[in-house]
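Notes for the one structure printed next.
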There are 2 protein chains.
Amino acid sequence: MTRKQLIMDSALQLFAEKGIEATSVQQITDHCGISKGAFYLSFKSKDELIYSIIEHFMNNIIREVDRAVKEGSTPSEKLHIYFVHTFKVMSQYTGFAEILMKEKVSAINETLIERIQYYVDLAKKSLEKLLFEVFGDQIEGKQYDLVLVVNGMVQAYLQNFFESCKPFDVIKLADSLVEKTTLLATKSEIVFLQDSSQLYSRIKNYSIEHIVEELDYLQQQTNDRLELESIQLLKEELMMEMPRPAIIVGLISNLEKNENFNWITIYLKDRFN
Amino acid sequence: MTRKQLIMDSALQLFAEKGIEATSVQQITDHCGISKGAFYLSFKSKDELIYSIIEHFMNNIIREVDRAVKEGSTPSEKLHIYFVHTFKVMSQYTGFAEILMKEKVSAINETLIERIQYYVDLAKKSLEKLLFEVFGDQIEGKQYDLVLVVNGMVQAYLQNFFESCKPFDVIKLADSLVEKTTLLATKSEIVFLQDSSQLYSRIKNYSIEHIVEELDYLQQQTNDRLELESIQLLKEELMMEMPRPAIIVGLISNLEKNENFNWITIYLKDRFN
DNA sequence: TATAATAATGACTAGCCGGTCACGTGTCAA
DNA sequence: TTGACACGTGACCGGCTAGTCATTATTATA
């Protein structure tokens, strides 16, 4: 295990126990038996550590649920898998999930919150797509309401899970959620959220300039030649008047192996696909 | 306005903006133009301030929704009122609601979290009672699931509200939630939460000794003769082998005017009624 | 083995925090 | 006018923090 991973592991554990703000860098370094100086050889600041943890786990969570869902053969099986794996992944990453539940927004740095929010929005997007696969056009117009409500139910059960700390019959919970979702999708008629902008607060706000800036930053994080070239070409393509989706999506696939790039690959894929 | 209220007002504002942990006592006193010393004439510590804010608003929120619901004539009207007033009260106490949403659990003192959790459980109890009024015995067995899910939906809409910061058509939202709740209450069959202890994490844990201790503490907070006597008698009654509910409920009504006593009056009323 | 290069250390800085307390300041009754 | 008293102040304390950097330890190279 690299020192970076070691630190992230220890930090995650302590953050989950006592909260991010309340855990000092000294405590983290004591916990993994290195010096304070060594910490700052791996991370520029405490914020960068938090940022890395968020990136790492958010990426994995979304990825793993997505991958599992893809393996379902029928749409309704996919919905079931979605619920099962959401809970499985969350209980696999207990430490991080606890931070997400407990810490929520608040104290921590504003840009970190934005990043979390952004991932939450991405997850909602995935759910929206899935719900259309399962229920088709009958949910047209009420999809935003549905996403919000289903997400809310999942959140509620997750919170309950982390408070009770007891083993969970995930299959039964998924059965129950599939039934509830189906009821709401097929029988409800009064819609509250009409507009996608009401549901997705952050996802649309990234300008091309912002993305290019982000790519500039990411370019400094890698030494891989293929990746460096891909980022360069991606920037050039994005700044053209009519970026060609095929090229963008193609270049993105060159970056998917490196998890540092994940959020931006997910974002660009969604935007140009 | 008393100095105490002045401080609580300023603090609430700053807490909502920047988070509880991130707001220093100095900033609070600067904001309301008093000295740091004066702060500690009103509150023993920063924690006591936070505690007071939680007590004050939690009490008011539960009370106001309860009062509004009682004025509904039919059960289904009551459900509608419940949703409407939950959102109205929350947007009336924007500052506090934001703290509740953002801060959630974490960083702050453990006993404060417990107290919030406790109020949340009380609110769930109220909702459970209401759902039985509306849907009768057909929800027997699935009431815990229902409470969790309905609560989750409300939470989700609240969060959405505080993120978007746009005006809300509360009536329409309530219509939508009544429909959704009705669907789930009447049509769902697969139940996940079977047991009340799975839903209410904290509410059952208060021993008589704990309550008597709390009353001892509260006794020092008042000078009113009726209140002092009532607390004394309440303590004696509670320590008897078979406390008589009628006497307890009667004594409680003597304490309801003073908001300091609220959480314990709500608790005892629920327990002995 | 000697030297250069790299990795790791922990004492240290500057700054913020909650909380205290000796010291004004203003207001009464004597 | 004097003294007693309560109210209010802000400099100060001890303790904590994130982050730095001169020093030391370790490894690689010649």
Side-chain angles (χ1 to χ4, degrees), chain A residues 1-55 99 102-103 106-113 115 220-221 223, chain B residues 1-55 99 102-103 106-113 115 220-221 223:
Chain A
M1 195 182 326
T2 69
R3 189 178 51 205
K4 235 175 159 159
Q5 286 176 302
L6 186 72
I7 293 172
M8 280 170 74
D9 264 29
S10 285
L12 188 74
Q13 211 173 311
L14 295 171
F15 286 168
E17 275 169 32
K18 321 193 296 170
I20 294 177
E21 195 85 351
T23 304
S24 69
V25 173
Q26 189 69 64
Q27 288 168 325
I28 295 168
T29 55
D30 286 352
H31 187 268
C32 51
I34 62 169
S35 70
K36 211 172 170 185
F39 174 92
Y40 287 94
L41 294 175
S42 293
F43 296 96
K44 277 207 290 287
S45 64
K46 190 185 172 187
D47 271 4
E48 198 189 271
L49 164 66
I50 303 168
Y51 184 93
S52 296
I53 290 177
I54 291 173
E55 288 295 293
I99 295 172
K102 284 188 191 169
E103 211 80 19
S106 87
I108 13 173
N109 183 311
E110 184 66 31
T111 68
L112 296 175
I113 301 162
R115 195 47 62 92
Q220 297 157 21
Q221 310 280 310
N223 295 312
Chain B
M1 198 181 327
T2 68
R3 188 177 51 204
K4 234 175 159 158
Q5 285 175 302
L6 185 73
I7 293 171
M8 280 170 74
D9 264 29
S10 284
L12 188 75
Q13 210 173 311
L14 294 171
F15 286 168
E17 274 168 33
K18 322 193 295 169
I20 293 177
E21 196 85 350
T23 305
S24 69
V25 173
Q26 189 69 62
Q27 288 168 324
I28 296 169
T29 55
D30 285 352
H31 187 268
C32 50
I34 62 170
S35 70
K36 213 170 167 184
F39 174 92
Y40 286 94
L41 294 175
S42 293
F43 296 95
K44 276 208 290 289
S45 64
K46 189 185 172 186
D47 271 3
E48 198 189 271
L49 164 67
I50 303 168
Y51 185 92
S52 296
I53 289 177
I54 292 173
E55 288 295 294
I99 295 172
K102 284 188 191 169
E103 210 80 20
S106 88
I108 14 170
N109 183 311
E110 185 66 31
T111 69
L112 296 174
I113 301 161
R115 193 50 59 94
Q220 298 157 21
Q221 309 281 311
N223 295 314

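Protein chains get the first letters and strands the later ones, always in sequence-line order, with residue 1 at the start of each.
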Produce the list of close N/O pairs, under 3.5 Å, pairing protein atoms with atoms of nucleotides 17-21 of chain D; give distances to one decimal.
residue, atom, partner, partner atom, Å
dA18(D), OP1, K46(A), NZ, 3.1
dA18(D), OP2, V25(A), N, 3.0
dA18(D), N7, K36(A), NZ, 3.0
dG19(D), OP2, Y40(A), OH, 3.1
dG19(D), OP2, K46(A), N, 2.8
dG19(D), N7, K36(A), NZ, 3.0
dG19(D), O6, K36(A), NZ, 2.7

At what distance, to the nearest 0.5 angstrom, does [atom1] of [X] lie from [atom2] of [Y]?
X	Y	atom1	atom2	result
L112(A)	E48(A)	CG	CD	10.5 Å
L49(A)	F43(A)	CG	CZ	5.0 Å
F15(B)	I50(B)	CZ	CD1	5.0 Å

What is the distance from [atom1] of [X] to [atom2] of [N], rounded to the nearest Å?
X	N	atom1	atom2	answer
I20(B)	dG18(C)	CD1	C1'	16 Å
L41(B)	dC21(C)	CG	P	13 Å
L6(A)	dA7(C)	CG	P	17 Å

Which atom names give the shortest non-hydrogen contact between [X] and [Y], and what distance separates them?
X	Y	result
A22(A)	Q27(A)	O-OE1, 3.5 Å
K36(B)	T29(B)	CA-CG2, 3.9 Å
F39(A)	I34(A)	N-CD1, 4.1 Å

Starting from the first five and the last five pairs of the helix from dT1(C)-dA30(D) to dA30(C)-dT1(D), work out the angle between the resulting helix axes, to 10 degrees.
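Here the helix ends are tilted 20° relative to one another.
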Are R3(A) and dA8(C) close enough that a side-chain N or O sits under 4.0 Å from OP1 or OP2?
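The answer is yes; a side-chain N or O of R3(A) sits under 4.0 Å from OP1 or OP2.
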Between Q13(B) and D9(B), a side-chain donor and acceptor under 3.5 Å:
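There is no such pair (donor and acceptor under 3.5 Å, judged by atom type) between the side chains of Q13(B) and D9(B).
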Going by heavy atoms in the side chains, are V25(A) and Y40(A) under 4.5 Å from each other?
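Touching, per the 4.5 Å side-chain cut-off.
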Base, sugar-phosphate or nothing for I34(A)? Non-hydrogen atoms, less than 4.0 Å.
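Sugar-phosphate: the residue I34(A), judged by heavy atoms under 4.0 Å, touches backbone atoms but no base.
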